[in-house]
Protein chains: 2
Amino acid sequence: MKQKYRMITTLRQRGHRITPQREMIIQAMMHQRRHLTAEAIFALVRDQSEAINLATVYRTLDFLVREGLINRTDLGDGSFIYTTADHGSHLHLVCSNCQQITEASYEMLASLQHELSCQYGFQAHLHHLAITGLCEHCREEQGVSS
Amino acid sequence: MKQKYRMITTLRQRGHRITPQREMIIQAMMHQRRHLTAEAIFALVRDQSEAINLATVYRTLDFLVREGLINRTDLGDGSFIYTTADHGSHLHLVCSNCQQITEASYEMLASLQHELSCQYGFQAHLHHLAITGLCEHCREEQGVSS
DNA sequence: GTGTATGCAAATTATTTGCAATCGA
DNA sequence: TCGATTGCAAATAATTTGCATACAC
């Protein structure tokens, strides 16, 4: 319940204000340490206090992304998830059938990143890329083919 | 101007109706052979005829995707582009600075796809993946660091 | 003729914004 | 104190839907 999160100290050091709303949002994110949608974060915080507004959640998430403390990842269908930046880089595998998200090692992208840089001069931002497909479970269940 | 597109024949064979609207949308897509947004397709068609409605464009694009004749790719910011399926699979490199889209060879993804399948049992759908980053031009212009 | 496809306008969903009130440093 | 931050409600943006009409086959 105290300010045991470095993220809060960091923000304070940078001269930003720590409001109860920001504190609750950060707390919810750090506690879950997962891929959360804005709506999910709102629900989590709402759960512990009425003093929160969805607009504030969006503004705060946007703010934290700008501060580089959290990441925003496009899930591939136009929706987004947020993850704590210190959570490390991950490759999100989104199942188009059951919507479940698996986290794969970021290392898988190393060679791709290198190739894109060499062949196209393109500096890919892959910190939190999401790839759509069929997870192991649904793959077995759905089709035998492929 | 009155070209015969295989796509139209295919649809007819499958028992679907060919309306002037569908014809115009298909024509616009085949003629451009590019990554187009729904809005862009609407503008192109609107340009040659008033007899088109944005809702129809969305419905038709959705229909063509379901029929497997075109692809829809998430650009990474919640917006989408459509490409003709016979255009082949491509890796879209979206510059977060200048918004320009470069198409990279699909082969770059082969090993990634293989690895994901082996290590996670995940069958990735990468036909039209989009990756965000900095293009060669903006990379040079923007920062020396990288 | 029959049922699919379209137009139009209203609904939806997710997110953003204006502005007055509030509150942290 | 005083400007950064919030709440609220209204504004957006992109896409979808209901329903009556139009038209492809």
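Scanning for ring-ring contact (aromatic ring centres under 6.0 Å, His included) contacts around B:H114 gives an empty result, with sequence neighbours left out. With sequence neighbours excluded, the residues that form a salt bridge (Lys or Arg N to Asp or Glu O under 4.0 Å) with A:R33 are A:D86. Looking at residues two or more places apart in sequence or on another chain, you find no side-chain hydrogen bond (donor to acceptor under 3.5 Å, both in side chains) involving B:Q113. Residues passing the ring-ring contact (aromatic ring centres under 6.0 Å, His included) test with A:H92 are A:H35, A:H128, sequence neighbours excluded.
Rounded to whole Å, the distance from CG on A:D62 to P on C:dA14 is 18 Å. Rounded to whole Å, atom C1' of C:dA5 lies 14 Å from atom CD of B:E67. Nucleotide C:dC8 holds its C1' atom 12 Å from the CZ atom of B:R46, rounded to whole Å. At whole-Å resolution of the value, CD1 in B:I52 and P in D:dA22 are 17 Å apart. For B:E23 and D:dC23, the CD to P distance is 15 Å, given to the nearest whole Å. Atoms CZ (B:R66) and P (C:dT4) sit 13 Å apart, rounded to a whole Å. In this structure, the CG atom of B:D74 is 14 Å from the P atom of D:dA14, given to the nearest Å. In this structure, CZ of B:F42 is placed 14 Å from P of C:dT6, rounded to the nearest angstrom.
Between the B:N97 side chain and the B:L134 main chain, no donor and acceptor come within less than 3.5 Å of each other.
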- request: For each nucleotide in nucleotides 18-25 of chain C, reading 5' to 3', give B when a protein heavy atom comes within less than 4.0 Å of its base, S when such contact involves only the sugar-phosphate, and - otherwise.
  value: B-----BS
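Sequence neighbours left out, the pairs with a member in residues 41-63 of chain A that pass salt bridge (charged side-chain N to carboxylate O under 4.0 Å, His left out) are A:R46-A:E50, A:D62-A:R66. Listed by first and then second residue, the salt bridge (charged side-chain N to carboxylate O under 4.0 Å, His left out) pairs that reach into residues 87-100 of chain B come to none, sequence neighbours excluded.
Between the side chains of A:H137 and A:Q100, no donor-acceptor pair is found at a separation under 3.5 Å.
Terminal axes of the helix from C:dG1-D:dC25 to C:dA25-D:dT1 (five pairs each, C1' rotation axis) are separated by 30°, to the nearest 10°.
Within the 4.0 Å cut-off from OP1 or OP2 of D:dC23, not a single side-chain nitrogen or oxygen of B:Q21 is found. OP1 or OP2 of C:dT6 has not a single side-chain nitrogen or oxygen of B:N53 nearer than 4.0 Å. At least one side-chain nitrogen or oxygen of A:Y58 sits closer than 4.0 Å to the OP1 or OP2 atom of C:dT15.
Other members of the cluster containing B:I131 are A:L91, A:L93, A:Y106, A:M108, A:L109, A:L112, A:L116, A:Y120, A:F122, A:L126, A:L129, A:I131, B:L91, B:L93, B:Y106, B:M108, B:L109, B:L112, B:L116, B:Y120, B:F122, B:L126, B:L129, with ILVMFWY side chains joined at under 4.5 Å, either directly or via other members.
The residue among B:A38 and A:A51 whose nearest nucleotide of DNA chain D lies closer to the 5′ end is A:A51.
Across all strands, B:F63 comes closer than 4.0 Å to no nucleic acid atom at all (heavy-atom distances).
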